[in-house]
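This report concerns only the one structure given below.
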Amino acid sequence: MKTRDLAKIVNFYARFMPTYTKTGYLARRLTWGSDKPLDFTGQTWLVTGASAGLGQAMVKAAAEAGAEVIAAARSMQRLEGSVADLKPEVRQRVRLIAHDLSLKSGNQALVDELARDGTKIDVLQNNVGLLLRDMQLTAEGKEVSFATNVLMHYLLTEGLIANGTLKNDATIVNMTSGGMYNAPLGYRKLNVTDPEKYSG
C-alpha cells in the first residue's frame, strides 16, 4: 500500500468514524430538544429497501407514529418477515409490495400499481441500496449497484411525480452510505459494465 493511500485512509477514519459510532449519536443527541412523540397520522410513506436494515426501521418507526406505510422490496417473503414482530394495530398500517427495484420495469410496475390505487405519497424514502465487490448486470443490462443506488431512485421519483402520485409538497429522502464521503462522484464511474474496469 502506498503512503498516500494509507494517509487517506487514516484521515478518513479520524474525521468520520466518531460520527458513525455511539459517540457521534450521543454528541448530537444533546441538541435534539424534547422527546415528544412523533405523529405522522394522515401521512402516507413509501419506503424502498424495506425488508431489512434502515428500511425496515423506517417502516416500523413511521407506522408506529401513525403513518400508512408502503413497504417495497424485491422479496415478499423477506418483507413479510420484516413486519412479523409489529403489533397488529401497527402492522395493519403497512402495505407490502414486492418489485425488483434494480430494474426499470420493477420501478415502473410500482409506479403503475400506486397510480391505479389512487395512492398519494407524502414521504418518499429512496432507501434501497447495495454495494457489490464483483460486477453484476441486471436483466436490463445495467450495472447492479449503479442501477439500484442511483438510476432507479431517480426513475422512481420522476415516475411518481409524472403520474401525480407524489404530492407537490412531499418530502423526498435519498439515502446513501457514509462511505461515499471518501469517493468523488464522477459520471465516468457510473454504470461500468467492463469487469476489468469495475471496482466495487
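In this text the structure is predicted, and so the values were computed from the model without any measurement.
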Hey, are the side chains of [X] and [Y] touching, using non-hydrogen atoms and a 4.5 Å cut-off?
X: Val94; Y: Leu79; answer: no
X: Leu156; Y: Val111; answer: yes
X: Leu130; Y: Val144; answer: yes

Check your understanding: What's the verdict on side chain to side chain contact (heavy atoms under 4.5 Å, CB included) for Leu160 and Leu114, showing C-alpha distance, side-chain angles and the deciding distance?
Key -> CA-CA 9 Å; Leu160 294 172; Leu114 296 176; 4.1 Å; yes

For [X], enumerate each residue passing the side-chain hydrogen bond (donor to acceptor under 3.5 Å, both in side chains) test, keeping only those at least two apart in sequence or located in another chain.
X: Arg4; answer: none
X: Thr41; answer: Asp39
X: Ser102; answer: Asp100
X: Arg95; answer: Glu113, Asp117

Go through the structure and list residues passing side chain to side chain contact (heavy atoms under 4.5 Å, CB included) with [X], not counting sequence neighbours.
X: Glu80; result: Met76, Leu96
X: Leu38; result: Phe40, Ala65
X: Gln77; result: Ser75
X: Leu151; result: Lys142, Phe146, Leu155

Check your understanding: How about Arg188: does its CZ atom have over 12 heavy atoms from other parts shown lying under 6.0 Å from it?
Key ->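 Open.
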
Point to revise | Shared hydrophobic cluster, Val192 / Met135 (ILVMFWY, side-chain heavy atoms < 4.5 Å) | key: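 Val192 clusters together with Met135.
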
Review point. Between Ile97 and Met152, is there a shared hydrophobic cluster once you connect ILVMFWY residues whose side-chain heavy atoms come closer than 4.5 Å?
Key: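 Hydrophobic grouping puts Ile97 apart from Met152.
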
Exercise for review: Determine, stepwise, if the pair Leu26 / Leu30 fulfils side chain to side chain contact (heavy atoms under 4.5 Å, CB included).
Suggested key: CA-CA 7 Å; Leu26 292 172; Leu30 297 172; over 6 Å; no

Identify each donor-acceptor pair in which a side-chain atom of residues 43-51 lies under 3.5 Å from a protein atom, sequence neighbours left out, and give them as a table.
| residue | atom | partner | partner atom | Å |
| --- | --- | --- | --- | --- |
| Gln43 | OE1 | Trp45 | NE1 | 2.9 |
| Thr48 | OG1 | Gln125 | O | 3.3 |
| Thr48 | OG1 | Asn127 | N | 2.9 |
| Thr48 | OG1 | Val128 | N | 3.0 |

Separation between [atom1] of [X] and [atom2] of [Y], rounded to the nearest 0.5 Å:
X: Glu64; Y: Glu89; atom1: CD; atom2: CD; value: 9.5 Å
X: Glu68; Y: Thr119; atom1: CD; atom2: OG1; value: 10.5 Å
X: Lys87; Y: Gln92; atom1: NZ; atom2: CD; value: 13.0 Å
X: Leu6; Y: Asn11; atom1: CG; atom2: CG; value: 11.0 Å

Practice item. Sort and list the pairs that fulfil salt bridge (charged side-chain N to carboxylate O under 4.0 Å, His left out) and have at least one residue in residues 144-161, not counting sequence neighbours. Key: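 Checked against salt bridge (charged side-chain N to carboxylate O under 4.0 Å, His left out) - neighbours excluded - no pair reaches residues 144-161.
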
Review point. Within the side chain of Arg78, is there an N or O that forms a donor-acceptor pair under 3.5 Å with the backbone of Gly81?
Key: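 Pair absent, no side-chain N/O of Arg78 close to backbone of Gly81.
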
**Study point:** Expected output: side-chain Asn191 to main-chain Ala147 donor-acceptor under 3.5 Å
**Key:**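 The answer is no, because no donor-acceptor pair under 3.5 Å joins these two groups.
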
Please report the closest heavy-atom contact between [X] and [Y], naming both atoms and the distance.
X: Ala63; Y: Arg93; answer: O-NH2, 2.8 Å
X: Ile121; Y: Leu124; answer: CG2-N, 4.1 Å
X: Leu131; Y: Ser145; answer: CA-OG, 3.8 Å
X: Ala62; Y: Val69; answer: CB-CG2, 3.8 Å

Could you pull out every donor-acceptor pair under 3.5 Å between side chains of residues 193-200 and any protein atom, sequence neighbours left out?
| residue | atom | partner | partner atom | Å |
| --- | --- | --- | --- | --- |
| Asp194 | OD1 | Glu196 | N | 2.9 |
| Tyr198 | OH | Leu132 | O | 2.9 |
| Tyr198 | OH | Glu143 | OE2 | 3.3 |

Could you pull out every donor-acceptor pair under 3.5 Å between side chains of residues 166-175 and any protein atom, sequence neighbours left out?
| residue | atom | partner | partner atom | Å |
| --- | --- | --- | --- | --- |
| Lys167 | NZ | Asp122 | OD1 | 2.8 |
| Asn174 | OD1 | Asn126 | ND2 | 2.8 |

